[in-house]
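The structure appears below as structure tokens.
Below, chains carry the letters A, B, ... as their sequence lines are ordered, and counting in each starts from 1.
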4 protein chains.
Amino acid sequence: MKGKQVVDRRIHRTQQMLSDAFFALIVERGYDSITVQDITERANIGRATFYLHYHDKEQLLEESLLALFEDLTKDVELAPGFPATYQSLSIHVFQHIAEHHALYRALFKEGGPPFIVIRMHRWLASLIERRVLKAHIEQCTSNVDAGLLAMHCAGSLLALVIWWLDHDLAPAAEQLGYLFWQLISPGINDVLGIPLPESNAIPDTKKEA
Amino acid sequence: MKGKQVVDRRIHRTQQMLSDAFFALIVERGYDSITVQDITERANIGRATFYLHYHDKEQLLEESLLALFEDLTKDVELAPGFPATYQSLSIHVFQHIAEHHALYRALFKEGGPPFIVIRMHRWLASLIERRVLKAHIEQCTSNVDAGLLAMHCAGSLLALVIWWLDHDLAPAAEQLGYLFWQLISPGINDVLGIPLPESNAIPDTKKEA
Amino acid sequence: MKGKQVVDRRIHRTQQMLSDAFFALIVERGYDSITVQDITERANIGRATFYLHYHDKEQLLEESLLALFEDLTKDVELAPGFPATYQSLSIHVFQHIAEHHALYRALFKEGGPPFIVIRMHRWLASLIERRVLKAHIEQCTSNVDAGLLAMHCAGSLLALVIWWLDHDLAPAAEQLGYLFWQLISPGINDVLGIPLPESNAIPDTKKEA
Amino acid sequence: MKGKQVVDRRIHRTQQMLSDAFFALIVERGYDSITVQDITERANIGRATFYLHYHDKEQLLEESLLALFEDLTKDVELAPGFPATYQSLSIHVFQHIAEHHALYRALFKEGGPPFIVIRMHRWLASLIERRVLKAHIEQCTSNVDAGLLAMHCAGSLLALVIWWLDHDLAPAAEQLGYLFWQLISPGINDVLGIPLPESNAIPDTKKEA
DNA sequence: TCCTAAGCGAGACGGTACGTCTTGTCTTCCA
DNA sequence: TGGAAGACAAGACGTACCGTCTCGCTTAGGA
């Protein structure tokens with residue numbers, strides 16, 4: 001019983017070292033020039049051992065990113081208030097991005113992994129749909145596809161993220177969150193036929209967040 | 001003088017065959033499993049000849065895509081009316097996507113080229129900024145970054161494109177264009193402080209387009 | 001400790017298979033039309049593995065020939081009697097050539113490796129100098145360069161070898177050895193000022209060898 | 001008629017430039033690293049033109065060497081005295097080598113053309129057989145193969161040449177020629193059963209040459 | 001205390017694609 | 001018509017990674 005745990009700890013430690021080494025290398029040199037050899041050398045791990053845990057570097061990235069995304073998901077889901085507002089959700093996203101800005105910058109830049117943008121896009125869309133849109137849509141009788149609206153929001157949000165990373169995270173997360181709300185919510189409400197429900201909200205960042 | 005032209009024609013033919021073969025293969029098998037060998041075999045071209053023209057398959061893709069994008073750019077710039085409306089511009093985009101839907105589906109799917117989404121995003125943003133936003137912004141005294149707004153629009157537009165490709169191009173391009181205008185323009189106008197200039201437009205596709 | 005040995009055995013086996021395959025191909029098709037691919041296919045070895053062991057086919061040949069030459073060196077050095085006579089040494093050489101006549105014929109023919117003749121020439125010269133000439137020269141006060149005499153002997157010996165291979169190894173090795181001694185020793189003795197020391201030897205192969 | 005001559009002259013000029021460029025490059029960089037491209041660039045000739053005249057660089061070498069050898073053949077055949085002595089013939093050879101020592105050094109060194117040594121060997125053997133040996137053999141009733149003796153002489157002569165090139169052409173050609181006679185003729189005469197015919201010749205270089 | 005199972009390092013190996021190099025052929029034009 | 005220019009097919013080269021494999025070593029429980 002305990003032996004199992006020790007082994008698990010050992011395995012976990014190995015995987016952690018691989019993951020850390022990989023992220024460090026991505027920040028330093030970009031994703032696609034990195035080889036499995038590079039990762040294992042950096043992590044002080046035998047190359048064969050890498051293949052005991054992952055099929056290829058893409059899988060390692062995928063699993064490492066999953067953990068990262070789940071951090072954010074938890075943030076969002078544990079935050080008070082449901083449904084969340086565009087503002088509050090996006091601020092969580094911006095803060096998460098800011099925390100890992102070096103990594104995300106490297107991932108979004110040329111030579112990043114092929115699937116990262118679309119993957120993140122879909123994942124944000126699903127988060128927005130679950131935490132914000134579903135509640136709004138239930139309130140009205142629109143027949144617009146919820147997934148489509150979610151993609152629209154996620155597309156916009158991701159666009160802001162990319163722009164933000166390009167501009168040294170210049171406006172504060174809260175301001176950008178407010179802007180996101182300004183840009184997104186009127187259109188959505190229009191489409192859903194909601195008579196300015198959120199528009200009444202005074203553009204006061206604190207209150208919203 | 002004439003000899004030069006003949007040679008150029010020959011070169012152009014070779015490049016065209018490579019480009020065509022590449023696109024065909026991308027549609028059939030997805031981008032990343034394709035080797036230079038595959039391309040040249042399909043194009044009936046010697047592998048070494050490939051390297052006379054391109055450094056690697058990424059460069060071939062890049063140049064081929066550029067030509068594709070420029071088709072669209074021309075469509076948009078030759079269309080009557082300046083500044084363009086969100087609706088008319090997006091309809092051109094949707095029509096362009098529809099024309100090459102098999103290709104774009106393959107490019108956006110997992111295993112597509114690493115840079116495609118971001119590249120297209122930036123390129124759409126630049127198109128929107130030049131053809132639509134610039135005129136609006138000059139009319140008002142807002143200090144919001146034009147590039148940011150362009151990224152927002154492009155992000156949304158790309159999101160709709162991806163959703164559309166996933167849903168068999170279900171609503172007509174005109175309808176999606178109208179939806180795009182509905183989703184985007186209120187927020188932008190809000191931010192720019194424009195008092196519903198476009199909102200007055202009756203949601204009649206024909207009139208807009 | 002033992003692991004190392006196992007690995008070494010594995011490596012040695014791989015190299016042996018490459019060497020064998022190479023010699024077989026040389027005999028069949030001549031040296032210069034053989035590609036690394038051909039060798040590894042014949043040896044059932046991955047092409048990349050070839051490059052783990054050798055830089056190119058020339059190096060493989062070099063190392064394989066070295067082993068061959070060392071067989072002969074051992075024959076000569078373990079034979080009784082020092083200094084050796086021209087006759088006994090050359091008979092060893094002829095016997096060695098006869099054993100591998102197919103290989104040597106292929107190597108000396110057009111399309112053989114560029115360096116083979118000169119390499120073998122120098123190597124024979126060194127063998128002759130060490131095993132035969134040195135002793136003679138020490139006995140007299142000549143100031144003729146030993147290396148020059150060695151080259152002369154080796155040149156003649158190699159000439160006989162080439163002639164012999166061209167004539168289906170017709171006279172027996174012993175007879176050719178006797179002829180070599182007849183042709184070489186009077187001149188050398190003349191030059192060294194040795195008063196017919198060997199000339200007295202009755203041309204009886206047994207006694208000489 | 002005259003037009004033909006002009007064209008021929010032009011062709012000859014092209015071939016001469018190729019040949020000269022090739023020899024120059026061989027001296028500079030060794031035979032085997034030279035490409036057809038290199039030769040034509042040095043000769044200011046189009047690469048395609050090379051192939052109008054020669055199939056490959058080996059053929060160019062062969063034809064160029066043939067011309068060189070024929071110079072020597074003429075020297076030997078026009079010299080007074082027949083049959084030639086070992087000494088006089090070898091001195092011609094040494095002088096010819098000395099004239100072109102840079103070229104021969106490059107040809108005999110590693111990376112030289114594969115066939116050069118054997119080719120030269122056979123060619124020298126044939127020269128010796130025709131100019132020296134044939135006459136001797138006719139005088140006696142020996143049944144030793146003339147070709148074998150010729151190979152022996154040529155092998156020795158070539159050996160001296162190689163040694164000489166390695167030693168900066170140190171002893172004069174005349175001395176080396178005398179040494180060659182000393183080394184070769186006693187053995188040959190022994191084998192042919194000739195009772196010291198040439199041995200009477202006073203080792204006086206001038207008289208011999 | 002030894003045993004044994006599992007994680008791991010080391011590295012040989014087969015395989016695939018790469019981008020480069022050189023060859024020999026061809027076509028078009030120029031002098 | 002000989003030569004220059006240069007696109008092209010063909011194919012070997014040596015390199016880089018990949019993913020698999022076998023072999024011992026270590027180590028920490030369980031016998």
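To the nearest 0.5 angstrom, A:Asp32 atom CG is 11.0 Å from B:Phe115 atom CZ. In this structure, CD1 in B:Ile162 is found 4.0 Å from CD1 in A:Ile118, a value given to the nearest 0.5 Å. Atoms CG and CZ, on D:Leu165 and D:Phe108 in that order, are 6.5 Å from each other to the nearest 0.5 Å.
Note on B:Thr49: a side-chain N or O is less than 4.0 Å away from OP1 or OP2 of F:dA9. Contact annotation: A:Thr14 side-chain N/O to E:dG7 OP1/OP2 distance is not under 4.0 Å.
A:Asp56 places its CG atom 21 Å from the P atom of E:dG15, with the value rounded to the nearest Å. A straight line from CG of B:Leu52 to P of F:dG6 spans 12 Å, rounded to a whole angstrom. Rounded to a whole Å, the CG atom of D:Leu18 is 13 Å from the C1' atom of F:dA4. Rounded to an integer number of Å, the gap from D:Glu58 CD to E:dT22 C1' is 15 Å. Rounded to whole Å, the distance from NE2 on B:His12 to C1' on F:dC8 is 18 Å. In this structure, D:Tyr54 places its OH atom 18 Å from C1' of E:dT23, rounding to the nearest Å. Atoms CG (B:Asp32) and C1' (F:dC17) sit 16 Å apart, rounded to a whole Å. Protein atom CG of D:Asp38 is 13 Å distant from nucleotide atom C1' of E:dT23, rounded to whole Å.
Contact of B:Arg47 with E:dG19 (side chain to base): a donor-acceptor pair of N or O atoms is detected under 3.5 Å.
Classified by interplanar angle (parallel below 30°, tilted 30° to 60°, perpendicular above 60°), the ring pair D:His100/D:Tyr104 is perpendicular.
Residues C:Val36 and A:Gln37 both approach DNA chain F. Their nearest nucleotides, taken by heavy-atom distance, put C:Val36 toward the 5′ side. Taking the nucleotide of DNA chain F with the nearest heavy atom to each of C:Lys57 and B:Phe50, the more 5' of the two is matched to B:Phe50. Two residues, B:His55 and A:His53, neighbour DNA chain E, and the one matched to the more 5' nucleotide by heavy-atom proximity is A:His53. Nearest-nucleotide positions on DNA chain E for A:Ala48 and B:Tyr51 put A:Ala48 closer to the 5' end.
The side chain of D:Thr35 lies closest to E:dT22 when the candidates are F:dC13, E:dT22, F:dC8. When each of F:dG6, E:dG7, F:dA16 is scored by its nearest atom to the side-chain atoms of A:Ile11, the top-ranked nucleotide is E:dG7.
Cation-pi contact between D:Lys57 and D:Tyr31: present, with separation from the ring centre below 6.0 Å and deviation from the ring axis of at most 45°.
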